[in-house]
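Order of the sequence lines sets the chain letters (A, B, ...), proteins ahead of strands, with each chain counted from 1.
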2 protein chains.
Amino acid sequence: MTIESRTTGRIPAAVVRRLPKYLTHAQHLRHGGIEWVSSATLADALGLTSSTVRQDLSYVEFQGISKRGYSTEGLDAAVSLTLGLDHHIRCVVVGAGNLGRALALHNEFVLHGFRIVGVFDNASGIIDKKVGRHRIQPMSELRSVIRRQKVEIGIIAVPFEAAQPAANALIEAGANGLLNMTAAHLLVPERISVVDARILASLRELAYAVKSRRT
Amino acid sequence: MTIESRTTGRIPAAVVRRLPKYLTHAQHLRHGGIEWVSSATLADALGLTSSTVRQDLSYVEFQGISKRGYSTEGLDAAVSLTLGLDHHIRCVVVGAGNLGRALALHNEFVLHGFRIVGVFDNASGIIDKKVGRHRIQPMSELRSVIRRQKVEIGIIAVPFEAAQPAANALIEAGANGLLNMTAAHLLVPERISVVDARILASLRELAYAVKSRRT
DNA sequence: TAGATTGTTAATCGATTAACAATC
DNA sequence: TAGATTGTTAATCGATTAACAATC
């Protein structure tokens, strides 16, 4: 495969899932003043093999240097660019319950370029209440906020039964990506990307793991 | 492969990750009064193929019936048992910030058998404050709570730099499974299971997906 | 019974790892 | 220079899908 096709073609799903880990670690190392990291060191820190690391990074527009490894600064920049994180990405939160409010206030998102530009709910009792600097808005305003502010991502933090309607509303309003914090499986058109946060599913996976440990 | 070895051997990771989805959907169907579901219908609802569904369910101690499909009640019971969800599972939350408090109050966990038995933090200013029915306890009490209450799972909802120390404290105190809500990669002994919630990573994956859509 | 649907084997596909020439 | 480390190809491993006999 030529360099051309490797770096411009689609990146395998398994690799895309790992790129955020490389990014986080590269930023962490940079922050600690470490300028170079080898595939072996990176692998150890992230629980991978050095082979996987080198394979993965070959999909990123960036080269390591023999005998030195990868520049943490270059790695940060290149992975950020590959993921499309070179500019702020606007998000809205749908659902202003405990979880939705916590996410709207979550500092880490802003710190890494995800800007929450609206918090929505359909419970009339909480409309206009404040969540940090946000004012809870009714779902009827979702469309105009998404259009005006060019929102790309909707975070769905509603009760189980409200998840699909919330997804429909977000899609109809123009969102292209959905972060699903519920246990519901969302049915969406092919052009829409969904990532499931799997919180309950993760606890259930852990239940299996700790059970298996016992037997 | 004999029935014996299929159902008693270790279940492939990819299958374990899907079992919670089958469980959620089976419970949803049951709740709606639907008693039978075919592999094809299940596949459509969950975005899988009927072949994957049948393969996956062959790892569960439970059989479908030709021409009718799977009993939703049987499916619920069998998957619950396989995952080890036939009894309550005790958890603690470490970190009483926005996210930790939201998770401690999250109704869905209790509803599905995960009981939060303690909320911990090391910021002296918030010790003894209430989170719903929970009182925030200092980390110094973590060990005795985990031992006394036979806690299996620790939920880590602390700032990035505090994640590894929190994991160490949980492991030292006797937890066997960790749900990591932070972006940090946790280094743990082999006997300990970690599942990453990947919230920031999921947003970054979505950033890539919506970027790729545009080009 | 005939047809629908399961359970399972075999084939395909994709992801990970091993190996090593290129190179700094 | 000699040795460490990358980038890439080929081999292995695991996950998904296709196909079909068994069965209700």
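- Atom CD of B:E73 sits in a sparse spot, with 12 or fewer heavy atoms from other residues, nucleotides or ligands closer than 6.0 Å.
- For DNA chain D, no neighbouring residue in residues 21-42 of chain B is found when judged by any heavy atom under 4.0 Å.
- Of all the residues in residues 184-204 of chain B, not one reaches under 4.0 Å from DNA chain C with any non-hydrogen atom.
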Problem - Contact pattern, 5' to 3', of nucleotides 14-23 of chain D - B, S or - by protein heavy atom under 4.0 Å - result: -SSBBB---B
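- Between B:Q63 atom CD and C:dG7 atom C1' there is a gap of 8 Å when expressed in whole angstrom units.
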Exercise for the section: May I have the step-by-step check of side-chain contact (heavy atoms from CB on, under 4.5 Å) for A:L75 and A:L57, ending in yes or no? Expected result: CA-CA 9 Å; A:L75 193 53; A:L57 297 186; 3.9 Å; yes
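- Residue pairs that meet the ring-ring contact (aromatic ring centres under 6.0 Å, His included) test with at least one member in residues 151-193 of chain A, sequence neighbours left out, are A:F160-B:H28.
- Legend: residues meeting ring-ring contact (aromatic ring centres under 6.0 Å, His included) with B:H134, ordered by chain and number and at least two apart, are absent.
- A search for ring-ring contact (aromatic ring centres under 6.0 Å, His included) contacts involving B:H106 returns B:F109, not counting sequence neighbours.
- Taking atom CD1 on A:I65 and atom C1' on D:dT5, their separation rounds to 11 Å, with Å as the unit.
- Inspection of the B:D76 and B:S80 side chains reveals an N or O donor paired with an N or O acceptor under 3.5 Å.
- The backbone N or O of A:R30 sits nowhere less than 3.5 Å from a side-chain atom of A:E35 that would complete a donor-acceptor pair.
- Under the rule for a salt bridge (Lys or Arg N to Asp or Glu O under 4.0 Å), the partners of B:R143 that lie at least two apart in sequence or sit in another chain are B:E172.
- In this structure, B:R90 has no salt bridge (Lys or Arg N to Asp or Glu O under 4.0 Å) partners at least two apart in sequence or on a different chain.
- Atom CG of A:L57 is separated from atom P of D:dT6 by 9 Å (rounded to the nearest Å).
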Problem - Bracket string, DNA chain C, 5' to 3' - pairs by Watson-Crick or G-U geometry under 3.5 Å, | interstrand - result: ..||||||||||||||||||||||
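- Not counting sequence neighbours, the partners of A:R18 by the salt bridge (Lys or Arg N to Asp or Glu O under 4.0 Å) test are A:D56.
- Applying the salt bridge (Lys or Arg N to Asp or Glu O under 4.0 Å) criterion to A:R198, with sequence neighbours excluded, gives A:E205.
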Exercise for the section: Mind running side-chain contact (heavy atoms from CB on, under 4.5 Å) on A:N98 and B:N98 for me, showing each step along the way? Expected result: CA-CA 8 Å; A:N98 292 316; B:N98 292 317; over 6 Å; no
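- For the side-chain hydrogen bond (donor to acceptor under 3.5 Å, both in side chains) test, no residue two or more places apart in sequence or in another chain qualifies with A:D121.
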